[in-house]
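Each chain gets a letter, A, B and so on, in the order the sequences are listed, and its residues count up from 1.
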Amino acid sequence: MPSLSDMNTDEVTKLADIAAAEQTHDAHVTNVETRPAFFEWLCRMGDTTLILGQRLSEWCGHGPALEEDIALTNTALDLIGHTQLWLGLAGEVENEGRSADQLAFLRDAFKFRNVLLVEVPNGDMGVTTMRQFLFDAFHYELLQRLTESSSPRVAEIAAKALKEVSYHVERSTDLVVRLGDGTPESHDRMQQALDILWSYTGDMFVSDGVDATMADAGIAPSPDTLREAWLARVEDVLDEATLKVPDNAFVHTGGKTGKHTEHLGYILSDMQFLQRAYPGASW
Amino acid sequence: MYAQNVDTGSKGVRGADELSPEEAAFQARIDDNIKIEPKDWMPAAYRKTLIRQIGQHAHSEIVGQLPEGNWVTRAPTLERKAILLAKVQDEAGHGLYLYCAAETLGISRDELMNKLHSGEMKYSSIFNYPTLTWADMGAVGWLVDGAAIMNQVPLQRTSFGPYARAMVRICKEESFHQRQGYSIMMSMVSGTPAQKEMAQDALNRFWYPALMMFGPSDKDSVHSDQSMAWKIKMNTNDELRQRFVNETVPQAHYLGLTIPDDDLVWNEETGNYDFSQPDWDEFKAVLKGNGPCNRERLGARIKAWEGGEWFRDGLAAYAEKAAKRRAAA
């Protein structure tokens, strides 16, 4: 063909087959007993990174400075990459032939398992930055523990993601401190963001039967065991940022069992538009 | 081309006998293909023209994020989403290199931003067209990045060092961008009838705006001669447009799509395609601010800038406090 070479070569498919054949053997992936819980847990992981990636990508082209625009899309890209891995593995574990894309684009809101925090609208950069920090601090603790998972596949994904998330948390920590201790306006905006978001953080640590099965199998830690380390880090950073942890101890929960805020439906109607409007098309 | 109608402040190229000794020495360096660097002497008009051109190019990169950013949240697969995000992120990076290149000429990024927001500086007309369907992501990558490459590849040899070096890196990324656009088109035309129809519609809408990217016809392009003498423009508008048509038509044929031009025909004698000119009245209207999306594009940039002011101020205030604390310690 003229001057532009075709990228959709057979090579790509071949390479994917080779990669699949070289996949580490993992008995958990085919264990029928833990299958429903493992699938559910993988959807919690993949849906959470997907929805946060989707939220961050809304900033693309609209950031407050070019460097921020680039950093926000970079973080979104990392999270979309994690989603491909988590939901890809979820499809394998489920063993019903669903791909990561089918899980992402063809499930309705009540089937989504993301934590509530990530679906809260972007608001201003204060809300976006604070949401990122509160999540990154959790994500970092979780991934660190997952690198010791009894499932080699989970441990591999976690090790890869941890490299990126170590940087996410470093960056969001830095921004929270700078903006909290910046101008009176940036301080107020960050405090306001914290007040809005705080009641959504508890959802990340809710632990149920799925988590108990994962913990018993040594695949993943029970989320409630991550809270102490998370809180210690968050309190330290907020203190340095001259921000105050809200008194309100109320906790919104339900994301991990499919009880979401109204926002999720709109995120999905936007994200899933093409797959819904043109069923079965390949892109 | 991301810089259109760049004013050189001159009405024509002066002869060697009309140049001062400094100007003659400067022109001799350019003629010998020796790069001009920021600390070298340069005529005020050269500096001013380059600021206009690089600034317009930089603005085009960041305004150019918007039509494609429009589809990031709606990309049809996780892979397409990641590729599009990376692509639009590259455009922001190009903006960054170019603003830095302009800074070496003595103008800050903030000053350039203000000129964009006030309407004093322009960006490429192409970004004032809407992206209506997913196929537009294909058409924009294939045609718009394709047209940009036509102009930017020769600019790697432009006379101003920082600009030429920025272009080397930008060109590498742009050719990936064009490939990702073409890859989207390939998927669309080998897909369902509805997808193929979408692809043809995107080509219909973007063909003439893409041809406009090269700027007005040579006979109406008053500033070209001086810019070419300075080697900040390497080819005429019509040369580049012809080259683009010659390369793109076979690519469209390969896709099985029809170029929306009944008069398009291969001319054995000239070795070129004969083609219809775009509607230049429409081009002028878009440059004047009356394109389909001018208001939205500039509005989005201004909103991002003004909405981000507290954020930038907060970071600057912290940096100042931290510096004082360090000094006191």
Side-chain angles (χ1 to χ4, degrees), chain A residues 1-8 50 53-55 57-70 72-74 76-77 80-81 83-84 87 100-101 104-105 124-126 129 175 177-183 185-187 189-190 267 270-275 277-278 280-283, chain B residues 62-63 65-66 68-70 72-82 85-86 88-89 91-93 95-96 99 109 134 142 146 178-180 182-184 186-188 190-192 194-195 247 250-251 253-254 300 303-305 307-319 321-322:
Chain A
M1 79 151 283
S3 71
L4 254 170
S5 64
D6 167 19
M7 296 199 309
N8 302 331
L50 173 58
Q54 183 73 5
R55 276 293 189 217
S57 67
E58 291 171 19
W59 277 104
C60 181
H62 305 276
L66 267 177
E67 290 82 350
E68 278 312 307
D69 212 302
I70 293 171
L72 285 164
T73 43
N74 223 23
L77 261 175
I80 300 298
T83 305
Q84 288 175 295
L87 292 185
D101 280 338
F105 293 95
D124 63 3
M125 273 297 287
T129 307
L175 282 177
V177 169
R178 284 167 188 268
L179 293 168
D181 190 17
T183 60
E185 184 182 358
S186 71
H187 175 273
R189 282 178 184 261
M190 294 308 282
I267 297 175
D270 192 41
M271 184 176 83
Q272 298 180 337
F273 158 66
L274 282 166
Q275 291 283 357
Y278 301 92
S282 51
W283 303 91
Chain B
I62 63 162
V63 176
Q65 288 183 271
L66 299 170
E68 288 176 289
N70 184 36
V72 166
T73 60
R74 289 178 290 173
T77 66
L78 295 171
E79 188 183 15
R80 288 288 182 205
K81 190 188 293 293
L85 259 175
V88 183
Q89 187 191 34
E91 309 294 2
L96 208 50
Y99 285 121
R109 200 202 303 180
W134 175 252
W142 171 36
Q178 194 195 16
R179 278 155 197 273
Q180 72 86 34
Y182 201 75
S183 155
I184 290 174
M186 291 279 289
S187 299
M188 303 293 284
S190 52
T192 64
Q195 285 177 299
E247 283 200 14
Q251 292 165 1
H253 288 163
Y254 187 82
K303 192 176 165 212
W305 187 250
E309 195 176 358
W310 72 267
F311 180 92
R312 297 188 300 274
D313 289 350
L315 296 185
Y318 179 88
K321 279 190 215 176

What is the minimum heavy-atom distance between [X] and [Y], and which atoms define it?
| X | Y | result |
| --- | --- | --- |
| B:Ala75 | A:Phe105 | O-CE2, 3.5 Å |
| B:Gln195 | A:Ser282 | NE2-O, 2.9 Å |
| B:Ala304 | A:Gly63 | CB-O, 3.7 Å |
| B:Ala82 | A:Leu77 | O-CD2, 3.2 Å |
| B:Ala317 | A:Gly182 | CB-C, 3.8 Å |
| A:Tyr278 | B:Ala194 | CE2-CB, 3.9 Å |

- If you count heavy-atom pairs under 4.5 Å between each of B:Ala86, B:Ser190, B:Gly69 and chain A, which one has the most? B:Ala86
Kindly compute the distance separating [atom1] ([X]) from [atom2] ([Y]), expressed to the nearest 0.5 Å.
| X | Y | atom1 | atom2 | answer |
| --- | --- | --- | --- | --- |
| A:His187 | B:Tyr318 | NE2 | OH | 13.5 Å |
| B:Lys321 | A:Asp181 | NZ | CG | 4.0 Å |
| A:Met125 | B:Arg312 | CE | CZ | 11.0 Å |
| A:Arg178 | B:Phe311 | CZ | CZ | 10.5 Å |
| B:Leu315 | A:Leu175 | CG | CG | 6.0 Å |
| B:Lys81 | A:Met271 | NZ | CE | 6.5 Å |

Given that the side chain runs from C-beta out, which part of [X] has a heavy atom under 4.5 Å from chain B: side chain, backbone, both or neither?
| X | result |
| --- | --- |
| A:Ser57 | both |
| A:Ile80 | side chain |
| A:Gln275 | side chain |
| A:Gln272 | neither |
| A:Ala104 | side chain |
| A:Leu50 | side chain |
| A:Arg189 | side chain |

Measure [X] against the heavy atoms of chain A and call it side chain, backbone, both or neither at under 4.5 Å.
| X | answer |
| --- | --- |
| B:Ala316 | neither |
| B:Ile62 | side chain |
| B:Thr192 | side chain |

Contact between [X] and [Y] at the side-chain level, heavy atoms closer than 4.5 Å - yes or no?
| X | Y | result |
| --- | --- | --- |
| B:Leu66 | A:His62 | yes |
| A:Trp283 | B:Glu79 | no |
| B:Thr73 | A:Ile267 | no |
| B:Leu96 | A:Ile70 | yes |

- Message: Using only atom types and a distance under 3.5 Å, with no angle test, would you say the side chain of A:Asp69 pairs donor to acceptor with the backbone of B:Gln89?
- Response: no
- Query: Looking just at side-chain N and O atoms, do A:Thr183 and B:Asp313 make a donor-acceptor pair shorter than 3.5 Å?
  - Reply: no
